[in-house]
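Keep in mind the model is a prediction, meaning the values are calculated, not measured.
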Amino acid sequence: MNTLRLVVTAGCLLWGAAASAALNVVTTTQDLAALAQAVGGEHVDVTYLVPGTRDPHYAQAKPSMIRRVARADLLLAVGADLEIGWLPP
């Protein structure tokens with residue numbers, strides 16, 4: 001159900017942004033970045049906060065992460081308390 005909600009939300013945002021610049025999407029994990037890129041294609045610029053080689057449970061918040069999230073048009077998070085220690089609710 002959450003995956004469907006993610007796809008529908010991203011699709012709606014992309015549909016509205018079709019005539020403008022690419023949507024700036026930030027994801028918490030590299031896996032979500034791959035999904036966002038697959039759904040958004042050329043209409044999104046996707047960056048991720050935690051590389052796939054690191055455990056997202058133990059990520060340390062950095063100023064660069066905060067800057068990317070603040071400038072994002074859309075933030076995609078896994079949820080299920082995965083980002084509880086470093087991403088505000």
How long is the straight-line distance from [atom2] of [Y] back to [atom1] of [X], given to the nearest 0.5 Å?
X: Gln37; Y: His43; atom1: CD; atom2: NE2; result: 11.0 Å
X: Thr29; Y: Arg54; atom1: OG1; atom2: CZ; result: 12.5 Å
X: Thr28; Y: Leu75; atom1: OG1; atom2: CG; result: 7.0 Å

Smallest separation among heavy atoms of Leu76 and Leu32, with atom names:
O-CD1, 3.6 Å
Find out whether [X] and [Y] are in side-chain contact, i.e. whether some heavy atom of one side chain is under 4.5 Å from a heavy atom of the other.
X: Leu23; Y: Asp45; answer: no
X: Gln30; Y: Val50; answer: no
X: Thr27; Y: Thr47; answer: no

Can any side-chain N or O of Arg71 pair as donor or acceptor with the backbone N or O of Asn24 at less than 3.5 Å?
no
Just do the side chain to side chain contact (heavy atoms under 4.5 Å, CB included) check on Asp73 and Val25 with the steps written out, would you?
CA-CA 6 Å; Asp73 296 317; Val25 178; over 6 Å; no
Can Met65 be reached from Tyr48 by stepping across I, L, V, M, F, W or Y side chains whose heavy atoms are under 4.5 Å apart?
no
Please enumerate all residues that pass side chain to side chain contact (heavy atoms under 4.5 Å, CB included) together with Ala72, with sequence neighbours excluded.
Val26
